[in-house]
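Below is one structure, written out as structure tokens; the observations come after it.
Just so you know, ligand 1 is whichever comes first in the structure, and atom 1 is the first atom listed for that ligand. In this text, all values refer to a predicted model and were calculated from it rather than measured experimentally.
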Amino acid sequence: MTRRNHDIAELRRLDVAHHLPAQSSYKLQRDIGGSRIIVRAEGSTIYDGDGNAILDGMAGLWCVDVGYGRAELAEVAREQMLELPFYNTFFRTATPPPIALATKLAGLLGGELQHIFFNSSGSESNDTVFRLVRTYWDIKGEPQRKTFISRRNAYHGSTVASASLGGMSYMHVQGDLPIPGVEHVMQPYWFGDGFGEDPVAFGARAAQDIEDRILAIGPEKIAAFIGEPVQGAGGVIIPPDGYWQQVEAICRKYGILLVLDEVICGFGRLGEWFGFQKFGVTPDIVSMAKGLSSGYLPISATAVSRAIVETLRSVDDDFVHGYTYSGHPVAAAVALRNLEIIEREQLVDRVRSDVGPYFAAALARLAAHPLVGEARSLGLIGAVEIVAEKGTNRRFGGREGMAGPMVRDACIAGGLMVRAVRDSIVMCPPFIITHEEIDRMVAIIAAALDQVAETLR
Ligand code: PLP
């Protein structure tokens, strides 16, 4: 492969002049003279324009599960582009790749989740959920069931409906969200909201908050509950034991649809193919994206139960929803091959019984650091909570979000890409990460914590 030479100074200048990056302060982008430019990647390592090799502790954006540089994914895309680069799936049309991918997903999901609607992003998948669930209840003759229940600090995307479903208050203030019909309840964030309480009792309290809200609104008005098995962007929040069983029981008690947003957790992140399998619950609808194609091309999927599809099939009307790129043949072909790689290389087993436990043991070493209040992980996703005083959840400066970004910046400068969520350092490396790379991740974080401790003390 020929490596292109980039004029990084010029790219950064043009970035400020013309490019608005996602989820960014445009003032800061301008003040620092342009974005960080990543020019290539291989395995679990990304390379920036200044020649720095950075270990990617975030798998891109929680998505490059099979790692970078998979030539066979590029070859599949090339072949499909030459044969049929595009055709749509509107008005009862299809192409071979989305049918093959839907069949594959139905097999992996198992049970009643046998029907797949394709979109291009996690946000779009959750928009599909929004319209599909309301349409379902209309057809069932219960049109008053309009309300979605979600958790505060949940992340379900950035479009109007998905950001409304999400519980990020800082997103809601832009664009006057949430739209009507979305209610936010407690999240099962023990370290932040239940510290000092028995974790299982705290989880039960968080689940009870859902039931209390259902009863306050009226169960006959509730359409669905949506949640991430493990909240990712909210700070890798792993619910206490028993939480998901209680949530499922509450949904069943009131006939409410259970929607799991598996956009991060799906395809092996937690050491099972899906988070719902890890937690032993049976959702009616599942959103998937990211790991579906390991981020090589944009594609997402909304899996729907047989019962829901039977309802949709009880009327003649079209489900008047869909995107130009629903079931895009190239993206679907790449996703299918990506799933084949995960199977062939037994990457889900690798997360469950090899790198997942190794990662947990490495994080347990970090837990001894004086600035670490908790180090938690499940499979290959984890977080480290930074505190001002060990044994408490007290934060530096008496407020959330001061130390986290400092530690993150020190990690990046030290050669590790991680994210800061308030005062948590969150990690989500590719499934192919090696033991040596995990050791390096933890060593860089420990050094960053030492450095920040010097500054803050
Ligand atoms: N749902 C979850 C759980 C996510 O983590 C994300 C993205 O991080 C989304 C939905 C939105 O996906 P996208 O950015 O592809 O629209």
Side-chain angles (χ1 to χ4, degrees), residues 21-24 56-65 117-130 132-133 148 150-168 170-172 175 177-178 182 184 187-189 224-239 244 258-270 274-276 278-279 283 285-303 323 325-326 328 331 334-335 338 378-383 417-421 424 426-429:
Q23 304 267 0
S24 297
D56 188 4
M58 283 304 297
L61 202 55
W62 326 81
C63 57
V64 188
D65 293 349
F117 190 100
F118 289 111
N119 333 263
S120 300
S121 68
S123 303
E124 287 176 14
S125 178
N126 289 327
D127 274 44
T128 295
V129 167
F130 201 91
L132 190 133
V133 163
F148 288 80
S150 173
R151 282 96 50 93
R152 289 191 279 277
N153 195 37
Y155 190 76
H156 296 301
S158 196
T159 54
V160 169
S162 63
S164 295
L165 287 172
M168 302 290 187
Y170 64 87
M171 291 182 80
H172 290 164
L177 304 179
V182 185
H184 296 96
Q187 57 173 332
Y189 179 27
F225 171 85
I226 183 167
E228 304 152 79
V230 168
Q231 283 158 259
V236 183
I237 291 158
I238 303 168
W244 273 115
L258 175 58
V259 183
L260 285 197
D261 181 342
E262 299 259 9
V263 165
I264 289 178
C265 297
F267 308 105
R269 180 57 59 189
L270 305 184
F274 295 99
F276 72 81
K278 180 81 193 168
F279 291 110
I285 299 177
V286 169
S287 271
M288 299 158 268
K290 297 192 188 271
L292 172 56
S293 66
S294 285
Y296 275 69
L297 280 178
I299 183 166
S300 69
T302 317
Y323 309 99
Y325 301 130
S326 286
H328 192 286
V334 166
N338 170 65
L378 192 59
L380 210 47
I381 189 167
M417 183 58 71
V418 288
R419 233 168 109 170
V421 179
S424 301
V426 301
M427 292 152 278
C428 183

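At least one donor-acceptor pair closer than 3.5 Å links the side chain of E262 to the backbone N or O of G275.
Of the listed residues (Q231, R151, R152, E228), just one forms a side chain to side chain donor-acceptor pair (under 3.5 Å) with Q187, and that residue is Q231.
Remark: L297 pairs with V330, A331, V334 by the side-chain contact (heavy atoms from CB on, under 4.5 Å) rule, at least two apart or across chains. In this structure S326 satisfies the side-chain contact (heavy atoms from CB on, under 4.5 Å) test together with T89, F117, Y323, sequence neighbours excluded. Residues passing the side-chain contact (heavy atoms from CB on, under 4.5 Å) test with H172 are L177, P178, H184, sequence neighbours excluded.
Ligand 1 is surrounded by S121, G122, S123, N126, Y155, H156, G157, E228, D261, V263, I264, K290, each with at least one heavy atom closer than 4.0 Å.
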query = Where do S123 and S158 land on the side chain to side chain donor-acceptor pair (under 3.5 Å) test, with the steps shown first?
reply = CA-CA 6 Å; S123 303; S158 196; 5.7 Å; no
